[in-house]
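Below: the structure, in structure tokens.
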Amino acid sequence: MANVAIEEHLIVSELAVTPRSQDFSAWYNEIVVKAELVDNPERTPVRGCMIIKPYGYELWEAVKSGLDQRFKATGHVNAYFPVFIPMSFLQKEAEHVEGFAPELAVVTHGGGKELEEPYVIRPTSETIIGDAMSRWIQSYRDLPLLLNQWANVVRWEKRTRPFLRTSEFLWQEGHTAHATYDEAQAEAMQMLDIYADFAINEAAIPVIKGQKSNQERFAGALASYTIEAMMGDGKALQAGTSHNLGQNFAKAFDISYTDINNELQYCWTTSWGVSTRMIGAIIMAHGDDQGLRLPPRLAPIQVVMIPIYKNDDQKAEVLAVVETIGRQLQGAGIRFHVDRRESVSPGFKYNDWEMRGVPLRIEIGPKDVEKGSAALARRDIPGRDGKQFVDQAVVIDKVNETLTAIQSNLLQQATEFRDARRHEVVGDYQRFSEIIRGGEWALTWFSGSAEAEARVKEDIQAVSRCFPLEQPHPGETGPCIVTGEPTDRMAYFARAY
RNA sequence: CGGGGUGUGGCGCAGUUGGCUAGCGCGCUGCGUUUGGGACGCAGAGGUCCCCGGUUCGAGUCCGGGCACCCCGACCA
């Protein structure tokens, strides 16, 4: 018996991905390649960079589209700034250059000549956009200035993983300028809300909105805010950030305006970003042993149709039904694909599309032709339980209904998973450590000091993720988990990506 | 940047103490049979064994040097 079990295991591992439950990291590395989100990183000619394949890029386009609509709806406009930034620009904001110096890629030559001033390949664009803003803004009538840019950025990383940390990645960076602190702060919070709304309602990932500790703050910001998500292994992932930059960049780049009293004032600026890391979040929040599970609202293919037949007569009948349903799906605006491959069996196709995370599968075979039915199989409910047979006449209604159900089920599953793994702990450092070592989240009173944070990092390789905006005990104080001193805010701690 | 490891058809690997024609599985191409949960048969194609140098009658194998990549630890959307 034992030998049979081992052989079965070997067969499975040859055919499919390493089960997520067995080795989360290996599962992730394999699934991004096998689901064709990226080219095999080991064969990508540039170290630490990724080739995003069409299926992965379509997923990114869906993310882009969902975010871009939200940005436009709140009055932001897109623009584009150079990928090269004069080195001197970065040096104008002391904390900023210090934060980014270790991971800069620098261009020293162009057109065969050494450049007078080296260019940095943008790691982020606060400086070059700040420089433009200083020229564009003169009057309070020019404010607020609400810009966004979709771009690639480069940060030289020592250890990289597809989507989670790569030397080059795609993102959007919003950059805004305002007349007052309050307006900038409101903007930073508004964008955080937009990110949270996107994560929850499009990506089906529950997130916690919070503020970063000073140690985890963006280099050059007054305050940094984050949406934190829990991955399938319990680790935390920052899925988006928003910064109130205060007047730090305004002063460094002379972004100033004349107010209504004809007095010169510095602007208050913000920046905010979501990157291709969001793809990593979607993979790790929803995936299972069979592969990806994509939320219907973002899935490049929402429905895959598998025709099944034994001979040419059946093929003709089956494909006629497939065409009919296909036209209906198209009319309903549903993204679908018909798997017409002749060289692989239906069973292979089931597994193949499950690995790619397609939310819903429709099987049409001779029996369905005969009965006027169609088989619908949900990706989020494995096996027979997820399969239903519906009348062809109502298939579109059923598809719409089921896609909606899958979307909300993914969110519900992720929420229940997370809520079972976050724990409030007061004054018990031992238990605090055990929670984090056990791969779960601890919510505890925290002073936020550099010393306290360093101690936690030293002890248990974890840092604070955020002070949640929604505090569980507002107005109260409690003992800092590290120092014991009374403090008025609680923070989440967890191991993180 | 410190420690460990690996470079052999597209992918995963075998090739032990040198030996002749470099092999296996998967994938790929063609034909046929199959097709409701990862099909099968037959016939094919595909290799400067990471690079450079050395030892030898003979090097994928031994020696020297180089390069690349992967994994594990300190910094990061």
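All heavy atoms count here, side chains included; hydrogens, waters and symmetry mates do not. Labels below follow one simple rule: chain letters A, B, ... track the order of the sequence lines, proteins then strands, and each chain is numbered from 1.
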If you look at every strand shown and take non-hydrogen atoms under 4.0 Å, does A/Gly365 touch a base, only sugar-phosphate, or nothing?
base
For RNA chain B, the expected dot-bracket line (Watson-Crick or G-U under 3.5 Å, [ ] crossing, | inter-strand) is (((((((..((((.....[...)))).((((((.....)))))).....(((((..]....))))))))))))....
Are the aromatic ring centres of A/Trp272 and A/His175 under 6.0 angstrom apart?
no
Across the strands shown, which category fits A/Lys457 at heavy-atom distances under 4.0 angstrom: base, sugar-phosphate, nothing?
sugar-phosphate
Kindly say if A/Arg159 contacts the phosphate of B/rA74, meaning a side-chain N or O under 4.0 Å from OP1 or OP2.
no
Under 4.0 angstrom, heavy atoms only, what part of the nucleic acid is A/Gln290 near: base, sugar-phosphate, or nothing?
nothing
Before you tell me yes or no, could you show the steps for A/Ser25 and A/Arg161 under side chain to side chain donor-acceptor pair (under 3.5 Å), namely the whole-Å CA-CA distance, both residues' side-chain angles and the distance that decides it to 0.1 Å?
CA-CA 10 Å; A/Ser25 180; A/Arg161 300 189 72 189; 3.3 Å; yes
Looking at every strand, decide which applies to A/Arg361 at a 4.0 Å heavy-atom threshold: base, sugar-phosphate, or nothing.
base
Students often mix this up, so state it plainly: with edges at 30° and 60°, are the rings of A/Phe467 and A/Phe446 parallel, tilted or perpendicular?
parallel
With no hydrogens and no angle check, do the side chains of A/Thr241 and A/Ser224 hold a donor and an acceptor under 3.5 Å apart?
no
Rounded to whole angstrom units, what separation is found between the CG atom of A/Asp312 and the C1' atom of B/rU33?
14 Å
Quickly work out the A/Asp385 CG to B/rG37 P distance and round it to whole Å.
16 Å
Using a 4.0 Å heavy-atom cut-off, does A/Thr44 contact any base of the nucleic acid, only the sugar-phosphate backbone, or nothing at all?
nothing
Without decimals, in angstroms, what is the distance between A/Lys34 NZ and B/rG38 C1'?
12 Å
Tabulate atom names and distances for all N/O pairs under 3.5 angstrom spanning the protein and nucleotides 4-7 of chain B.
none

